[in-house]
Amino acid sequence: MQLDERKKKILQAIIRNYLETGEPVGSRTISKYTDLNLSSATIRNEMADLEELGYIVQPHTSAGRIPSDQGYRLYVDTMLEEKEKEVEEMKGMLLEREDKMEALLKQVARVLAQNTNYATMISAPQIHRNKIKFIQLSRVDMGQILAVIVMEGNVIKNHVLHVPDGLDDETLLKLNMLLNTHLNGLPIEQINLGLIAALKQQAGIHEAIVGEVLDAVAEVIREADDLEIYTSGTNNIFKYPELSDNAKASELIGAFEEKQALSALVQETLADESNTGIQVYIGNESPIQNMKDCSVVTATYELDEGMKGTIGIIGPKRMDYDKVIGTLKTLMHQLDDLYKRK
């Protein structure tokens, strides 16, 4: 028999309450626990139907109900189906957005180089990704489970864990509940040794699984720190005699190709949260050693959802500062509109 939505909500409430308390659940508890606004008598009738259908059982006379294996199975399948759908939708949205973003940034760097006749760079936007949105553990086979970790900014990480063959659905469900109850919405800096120890203690013999999931969370944070930088107009360097010397030009082009120095420049620009304007570095003021003979002008752009990145223009000290700064100011205002249209 296909359960209607009311019965499903009552069953979910019974299971969640039982997982939290370990005690049989009565109709009065459910009447307070759900948003159904049903009387205890109506809930008792629904619970009787659920018991007849095999989804809940009454362990003792006059006691409340607890989930049966069949009830757990429906709950787990429904929960995993919802989470998998959410993750797939999120992945599709992110892939589409990333493709559009890459095309947009390459276009911006190219147009900027053409308009200024200097070398240009633009970093992909970064977002604070230090909060956990949710964690989903699901079975791959008898010896493996898949941990899907979703961080703030919808950063998704899949991590396969090897587990004992005896890991049943109820244990998997309890681990999901344990991790999400304690970690959802939590900043990464608040995951301290005390919290880790408490989670492992509650996980009991499955503490290694909790440890591996937390290691995977840390890996997501490290990967989020990797920067993508797009450049254009490096050949424009040869248009200026003071920069076209073989050694100087080679160093500058090397900095653009390797991008490590550019990444350091972006990190320095974004580290100062108060810096949302335009910065001008002339000669020795440049934070990049290979650009001491140049002027570097940077601007921090900001898109929706708190995403920030850096635009940079590199040219000779005699660059047209008026034009460069005016162009960057205009671009900073236009970038958000361009992004939304893409």
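Within the 4.5 Å cutoff, no side-chain heavy atoms of I122 are placed close to those of T310. Side-chain contact between E207 and Q201 is absent, with no heavy-atom pair separated by less than 4.5 Å. For the pair Y281 and I314, the minimum side-chain heavy-atom distance is 4.5 Å or more. Side-chain atoms of M47 and E51, non-hydrogen and from C-beta on, never get closer than 4.5 Å to each other. At least one side-chain heavy atom of I14 sits less than 4.5 Å from a side-chain heavy atom of I56. Side-chain atoms of N17 and T29, non-hydrogen and from C-beta on, do get closer than 4.5 Å to each other. Side-chain contact between L38 and S31 is absent, with no heavy atoms from C-beta onward closer than 4.5 Å. Contact of the L179 side chain with the V210 side chain is registered, since non-hydrogen atoms from C-beta on lie closer than 4.5 Å.
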Notebook entry, point to check: Going through the distances and angles, do K133 and N184 end up as a side chain to side chain contact (heavy atoms under 4.5 Å, CB included)?
Noted result: CA-CA 5 Å; K133 287 188 70 173; N184 277 14; over 6 Å; no

Notebook entry, point to check: Are I282 and Y321 close enough, and set up right, to give a side chain to side chain contact (heavy atoms under 4.5 Å, CB included), and what steps lead you there?
Noted result: CA-CA 11 Å; I282 301 173; Y321 294 100; 3.9 Å; yes

Next item on the list: Take L183 and L199 through the side chain to side chain contact (heavy atoms under 4.5 Å, CB included) test and state the conclusion after the steps.
Entry: CA-CA 10 Å; L183 299 178; L199 285 172; 4.0 Å; yes

Notebook entry, point to check: Could you go step by step and tell me if N158 and L146 meet the side chain to side chain contact (heavy atoms under 4.5 Å, CB included) rule?
Noted result: CA-CA 7 Å; N158 296 329; L146 176 68; 3.9 Å; yes

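Considering every non-hydrogen atom in both L3 and K8, the closest pair reads O-CE, 3.5 Å. What you find for P59 and G64 is that their closest heavy atoms are CD-O, 3.3 Å. The two atoms that bring Q202 and H182 nearest to each other are NE2-NE2, 3.6 Å, heavy atoms only. Residue A203 comes nearest to L175 through the heavy atom pair CB-CD2, 4.1 Å, listed as atom of the first residue, atom of the second, then distance. Between Y301 and A124, the shortest heavy-atom contact is OH-C, 3.7 Å. N236 approaches A113 most closely through the heavy-atom pair ND2-O, 3.5 Å.
One side chain, T42 or S39, offers a donor N or O that lies under 3.5 Å from an acceptor on the other. If you check the side chains of K239 and N117, you find a donor sitting under 3.5 Å from an acceptor.
Taking CG from L243 and CD1 from I237, the interatomic distance works out to 7.0 Å, rounded to the nearest 0.5 Å. Taking CZ of R44 as the reference point, atom CD1 of I30 lies at 13.0 Å (rounded to 0.5 Å). In this structure, OG on S286 lies 10.5 Å from NZ on K317, to the nearest 0.5 angstrom. Distance check, rounded to the nearest 0.5 Å: CD1 of I325 to CE of M319 gives 9.0 Å.
Using a distance-only test at 3.5 Å, with no hydrogens or angles considered, a donor-acceptor pair links the side chain of K323 to the main chain of N115. In this structure, S232 contributes its side chain and T120 its backbone to no donor-acceptor pair below 3.5 Å. Judged by distance alone, the side chain of S295 and the main-chain N or O of G315 form no donor-acceptor pair under 3.5 Å. The closest donor-acceptor contact from the side chain of N180 to the backbone of I135 lies under 3.5 Å.
Salt-bridge check for E242 with R318: passed, with a basic side-chain N closer than 4.0 Å to an acidic carboxylate O. Under the 4.0 Å criterion applied to side-chain N and carboxylate O atoms, K174 and E170 are assigned as salt-bridge partners.
Enclosure of atom NZ in K292 by more than 12 non-hydrogen atoms of other residues, nucleotides or ligands within 6.0 angstrom is indicated. Around atom CD of Q190, more than 12 heavy atoms belonging to other residues, nucleotides or ligands sit under 6.0 Å away. The local environment of CG in D322 is sparse, with at most 12 non-hydrogen atoms from other residues, nucleotides or ligands closer than 6.0 Å. The number of heavy-atom neighbours closer than 6.0 Å to CG of N45, taken from other residues, nucleotides and ligands shown, is above 12.
Under the 6.0 Å cut-off for aromatic ring centres, Y75 and Y55 do not qualify, their centroids lying 6.0 Å or more apart.
L105 and V111 fall into different hydrophobic clusters, where Ile, Leu, Val, Met, Phe, Trp and Tyr are joined by side-chain heavy atoms under 4.5 Å apart, directly or via other members.
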